[in-house]
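Working notes, beginning with the structure itself.
If you read the sequence from its start, that first residue is 1, and numbering goes on from there. What you see is a predicted model, and the numbers here were worked out from it, not measured in a lab. Just so you know, these numbers use all the heavy atoms, side chains as well, and skip hydrogens, waters and symmetry mates.
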Amino acid sequence: MEKTWRWFGRKDKITLDMLRQIGVEGIVTALHEIPNGEVWNEEAIRGLQQYIESFGLRWSVVESLPVCEAIKYAGPERDELIERYKISLANLGKCGVKTVCYNFMPVIDWIRTDLARPWADGTTSLYFDRVRFAYFDMKILAREGAEKDYDAEMLRKVQELDRTITEAEKDELIDAIIVKTQGFVNGNIREGDKAPVSIFRRLLAQYEGVDRDRLRENMRYFLSAVMPVCDRWGIDMCVHPDDPPFQVLGLPRIVTSEEDIAWLLNAVDNPHNGLTFCAGSLSAGAHNDVVKMAERFAARTHFVHLRSCNILPDGDFIEASHLEGRGRLVDLVRIFERLRPRVPMRVDHGRTMLGDDKLGYNPGYAFHGRMLALGQVEGMMTVVKDELQKI
């Protein structure tokens with residue numbers, strides 16, 4: 001597999017020179033300065049591409065060319081936005097950047113309640129606390145009908161938490177769930193926005209009446225529209241699974257399971273309609289057999305994210321070491337090295353360690369933790385390649 005790294009552009013504190021020194025081969029990035037829904041022109045694409053290549057690296061994957069909310073909920077401007085998306089895809093194809101990771105999650109991208117959960121060794125990682133998330137949903141967001149989505153025991157725990165939670169802890173939840181983990185990804189809410197909860201409520205309201213079947217149809221419509229461009233320019237679209245892979249905030253989530261992935265690949269049965277196999281997202285769902293899914297969908301996997309989660313007895317989950325957890329990364333490396341040997345792979349997220357917390361990195365994207373993870377995965381790759389040569 002090609003060893004790649006998510007890099008947030010020229011303003012990223014992690015430089016391309018640093019990445020070249022630790023063995024990175026390809027860069028995963030985007031034109032982050034262009035607002036969602038605007039066209040990516042050739043000049044901007046080539047400018048960033050040439051900058052990356054000046055360090056002896058290549059722009060391997062776009063992550064991401066965002067799918068605007070109006071495309072997902074089928075707003076009146078949907079077709080115009082899709083046409084712009086198609087122009088951007090064509091411009092990427094003309095420049096030779098031909099793998100595009102995207103997601104179809106309504107409003108909110110990946111969700112965590114704690115951005116720095118401590119481990120005994122002094123490192124921290126991302127964490128999802130079901131009770132605190134339910135508290136955010138019912139007590140802070142105050143979503144109408146939210147209590148119907150939780151069982152009696154969860155409602156009891158939320159009421160118990162309500163008696164002890166501090167205002168500072170409430171602010172931390174808002175920051176973790178809808179500010180810090182979203183602003184640098186999809187731009188719906190950014191740090192510094194006033195009244196982020198009110199903004200978030202308005203975003204949720206756009207999906208009133210959009211159920212699972214409707215969202216699936218909107219995804220099929222979008223993919224059917226862009227596939228001719230992908231066919232012409234050889235572009236692989238690879239959807240990222242929902243993170244976490246279950247329903248949240250009353251929103252439909254449609255890339256959560258083996259059945260979901262099979263549906264979307266069959267709904268638009270084109271080899272350019274593929275998957276970003278994110279072991280971290282999928283392993284956060286107890287219903288997912290990650291190794292089985294990798295074997296089944298390897299042929300349509302165009303990009304791989306390697307990380308792993310542990311699910312705790314109460315249903316919370318924590319991002320585990322890349323050597324441990326439900327992701328079973330060494331088994332995935334065996335599958336993809338055998339079936340998709342040059343697919344781009346990036347280690348996804350990593351622990352915060354060795355002073356990373358003082359350097360202002362995006363949550364989950366610290367340098368030292370990801371460098372450690374890359375070394376661990378590269379070791380797996382070396383062993384697996386040796387195994388395959390002996391077959």
Side-chain angles (χ1 to χ4, degrees), residues 1-33 48 51-64 101 109-110 112 114-127 175-176 179-185 191 240 243 276 278-281 303-309 318-325 327 329 333 344-382:
M1 291 184 285
E2 180 188 20
K3 295 175 293 183
T4 70
W5 183 281
R6 191 171 191 185
W7 177 70
F8 295 99
R10 291 177 174 88
K11 295 181 180 179
D12 197 326
K13 294 178 174 64
I14 301 169
T15 67
L16 295 180
D17 189 54
M18 293 165 66
L19 299 182
R20 179 175 57 179
Q21 292 182 44
I22 65 171
V24 171
E25 299 166 331
I27 296 300
V28 178
T29 193
L31 297 178
H32 294 286
E33 69 278 9
L48 185 56
Y51 180 76
I52 292 168
E53 290 174 352
S54 73
F55 289 85
L57 303 166
R58 83 178 189 104
W59 188 354
S60 302
V61 180
V62 172
E63 187 177 351
S64 62
C101 173
D109 203 281
W110 57 280
R112 301 294 184 272
D114 190 337
L115 304 182
R117 188 78 167 197
W119 289 79
D121 61 8
T123 63
T124 67
S125 63
L126 305 174
Y127 188 92
D175 203 42
V179 180
K180 278 196 167 66
T181 55
Q182 304 305 310
F184 74 96
V185 175
E191 290 196 61
H240 189 288
D243 184 8
T276 294
C278 181
S281 300
F303 187 28
V304 176
H305 287 183
L306 291 183
R307 65 175 171 86
S308 185
C309 287
I318 190 167
E319 297 198 359
S321 161
H322 286 64
L323 299 176
E324 301 171 349
L329 300 191
V333 170
M345 173 281 300
R346 73 169 176 87
V347 292
D348 186 21
H349 298 177
R351 294 198 189 182
T352 301
M353 59 195 306
L354 301 175
D356 280 337
D357 57 316
K358 298 178 176 63
L359 297 175
Y361 296 129
N362 290 324
Y365 290 94
F367 179 65
H368 290 105
R370 282 192 290 165
M371 182 172 67
L372 172 63
L374 179 61
Q376 291 169 331
V377 170
E378 190 170 20
M380 297 178 202
M381 291 169 60
T382 301

* Asked: What do the steps show when you test D356 against T124 for side-chain contact (heavy atoms from CB on, under 4.5 Å), and what is the final call?
  -> CA-CA 10 Å; D356 280 337; T124 67; over 6 Å; no
Taking every heavy atom of H305 against every heavy atom of D348, the minimum-distance pair comes out as ND1-OD2, 3.5 Å
Q. Any idea how W110 and Y365 line up, ring-wise: parallel (<30°), tilted (30 to 60°), or perpendicular (>60°)?
A. perpendicular
Taking the side chain as everything from C-beta on, heavy atoms only, tell me whether W5 gets closer than 4.5 Å to I22. yes
Practice task
Would you confirm whether T4, through its side chain, and M345, through its main-chain N or O, come within 3.5 Å as a donor-acceptor pair?
Solution key: yes
Taking the side chain as C-beta and beyond, is there a heavy-atom pair between P344 and E25 under 4.5 Å?
no
#### Entry: Any side-chain heavy-atom pair of R346 and V61 under 4.5 Å
no
*Do T15 and D17 get their side chains close enough for a donor-acceptor pair, meaning under 3.5 Å?*
no
Do L126 and L115 have side-chain heavy atoms sitting under 4.5 Å apart? yes
Side chain to side chain contact (heavy atoms under 4.5 Å, CB included) with H349: of R370, R6, H322, R307, only one passes, and it is R307
Review point. So do M381 and K3 actually touch side chain to side chain, heavy atoms under 4.5 Å?
Key: yes
Open item on the list: Is there a side-chain contact between R351 and L372 in this structure, where contact means two heavy atoms from C-beta onward sitting under 4.5 Å apart?
Closed with: no
**Prompt:** Between R112 and D243, does at least one N-O distance fall below 4.0 Å, as a salt bridge requires?
**Reply:** yes
Which of I14, N362, V28 passes side chain to side chain contact (heavy atoms under 4.5 Å, CB included) with F8? Answer is N362
Worksheet item: So, T123 side chain and M353 main chain: donor-acceptor pair closer than 3.5 Å or not?
Response: no
